[in-house]
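Structure first, commentary second.
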There are 2 protein chains.
Amino acid sequence: MTTPGPRITALAGGIGGARFLRGLLTHLAAAYPDGAGSSTAEVTVIGNTGDDIWMHGVKVCPDLDTVMYTLGGGINEDQGWGRLDETYTVKAELAAYGAAPDWFGLGDRDLATHLVRTRMLTAGVPLSEVTARLCERWNPGVRLIPMSDQRVETHVLVDDPTGALTDDGSPVHTAIHFQEWWVRYRASLPAHGFVLMGLDEARPAPGVLESIRDADIVVLPPSNPVVSIGTILSVPGIREAMRSTSAPVVGLAPIIATAPVRGMADACLAAIGVETSPTAVAAHYGARSSGGILDGWLIDTVDAESVDCTEALGITTVAVPLLMTDLPATAAMAAAALDLADRVKARP
Amino acid sequence: MTTPGPRITALAGGIGGARFLRGLLTHLAAAYPDGAGSSTAEVTVIGNTGDDIWMHGVKVCPDLDTVMYTLGGGINEDQGWGRLDETYTVKAELAAYGAAPDWFGLGDRDLATHLVRTRMLTAGVPLSEVTARLCERWNPGVRLIPMSDQRVETHVLVDDPTGALTDDGSPVHTAIHFQEWWVRYRASLPAHGFVLMGLDEARPAPGVLESIRDADIVVLPPSNPVVSIGTILSVPGIREAMRSTSAPVVGLAPIIATAPVRGMADACLAAIGVETSPTAVAAHYGARSSGGILDGWLIDTVDAESVDCTEALGITTVAVPLLMTDLPATAAMAAAALDLADRVKARP
């Protein structure tokens, strides 16, 4: 006899989201065992594609691939992105031709994924179907859907890196691709803002809105609230679906004390004028009761004193350990998120 | 004081052509030294692109690359094609995705060339310019021009490899790409003929006709007379240029006794009803004096008894050692070809 598990929909960026999802699957396999080592729960992941980039003629989808490789056992654990046992022969050869860009870590194994994807995209197959096809190899244990089949690319407004000045002596503002800002400049160029190219033409990919509407629980992993979760929410229709779903929506703070759990979320938050604190991020998402998207919020125990502040926003808040130090710790975070969802749902 | 060297134009396929050209450059550097280790001669190579193939979304030009890598010091000497110190990581990953085809030796280093080429082609840069750009890295010491900037692909008519039969019980004829026939089936499926897809729309690439017209000597290396030289000659305008150039045209037999110097030229000759012998190939090319393209023909010393037969066709014929056993032997072949050109030219 197996217990039917919940239908869970998660919005996810790259490394942080992928690691949280692995903990979630581990927890679900224990809580709702299917008798075959997995769980009876159904997990749908809506992946950020705003940091996708065309490079050397191939389409790279860093966040989708990080989720796919992490859950499919192909990730480089140490760096959190890219393939295990990766080599960089093609990259070195491209550099020998002087082909730009040379700052992206395009691995040989990873490149095969991009080649398969690009070939299908060029043949007219939508990204959501391509992603499903790639996942047939990796069996990530979730249904992974890109936020949109249309091309949406995050660009970052920065002072021109060449030092160009306007007539009045102030720096020229230039938009560079998010990957260039993130990977090449390590987010060290102050961002004046983000521009989501193509957003007006974008629609949620097939299954995205349904998975939010029909979920038992919607989860926001500790992904970047600006360039990962924020980008997904910007696709027309997705934020509205989050507001109107009958499922409880719970999130995990990507900030502990005043530092990002990982990555450079602080640089992104600063660009949109949000303080780097778990409470400020919760306020940025907003309570569903006030037109926002959150019912519940997990913060780290070191931030326990902020519980009252976040509760005052109308968001049920619980403090638990939020460092994904290992898989058991991450599974415990996922369990806490599901507990919080139950608590929110039981609320009158 | 340097002696101006001749302007030489060669038509070339892959391995055999490339190795001959290396011998030619070695001979020229000795005969017409420029004082800097190279020669004052100018060599233009018109490369076969009939065996080009789109594969995994990239454009592969096997013959152009074999010439470029061989003359540029990047070739795998043992196999004669592909890159030195090659790895096959991407190929293995593509196979893990089940991406077809899996029978082509797509190396990692080689793939970088295809990526650079494909990106430029997709941006609208013609293949001839792309090739020149790639050669900037390799410095092959020749001007390498594809026979055409338009896509021309050699397909081979064979009995359907699946064994399909027509209503009357005879094998269904199927056209497969030359590479599939050559690499996957090792030319073991009897060829009923060759079809050059796209030929009607093809024009010689910029510089091709001029290089034949303005040459001091035109050379046909011992490349495959059907699917390499034959394909180049099929591009509208090229055969006519060969007939009308004021330069002597000399060729080297790709057949010694009754066997190809290398490769599977016999299978190709059989498909077009030409015997596998140096004389039959000469007759197939034809004497310029009778509407063909040859003034002179080098055959191997083991075939010396055929000299009279070929001379009777109106083609000046000389027997010399034609095995490209090493670079000095190959340079001697090139020297013999240039001597023969002089002799033909001096003829009243």
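Naming: A, B, ... by sequence-line order, numbering from 1 per chain.
Taking B:Ala112, B:Ala92, B:Gly98 one by one and counting their heavy-atom pairs under 4.5 Å with chain A, the maximum is reached by B:Ala112. Here A:Ala96 is the residue among A:Ala99, A:Ala96, A:Ala123, A:Gly57 with the most heavy-atom pairs under 4.5 Å with chain B. For the set A:Leu111, A:Val58, A:Thr113, the count of heavy-atom pairs under 4.5 angstrom toward chain B peaks at A:Thr113.
At a threshold of 4.0 Å, the pair B:Arg143-B:Glu210 does not count as salt-bridged, since none of the basic side-chain nitrogens sits closer than that to a carboxylate oxygen.
If you check the side chains of B:Asp51 and B:Thr154, you find no donor sitting under 3.5 Å from an acceptor.
Without hydrogens or angle criteria, B:Gln150 side chain to B:Arg203 main chain gives a donor-acceptor distance under 3.5 Å.
Of the atoms belonging to B:Thr122, not a single heavy atom falls under 4.5 Å from chain A. There is no contact between A:Thr118 and chain B, counting heavy-atom distances below 4.5 Å. Within the 4.5 angstrom heavy-atom criterion, no atom of A:Ala95 approaches chain B.
The shortest distance between side-chain heavy atoms of B:Thr9 and B:Ile46 falls below 4.5 Å.
With A:Thr89 as the partner, the side-chain contact (heavy atoms from CB on, under 4.5 Å) test is satisfied by one option alone out of B:Thr89, B:Thr87, B:Asp85: B:Thr87.
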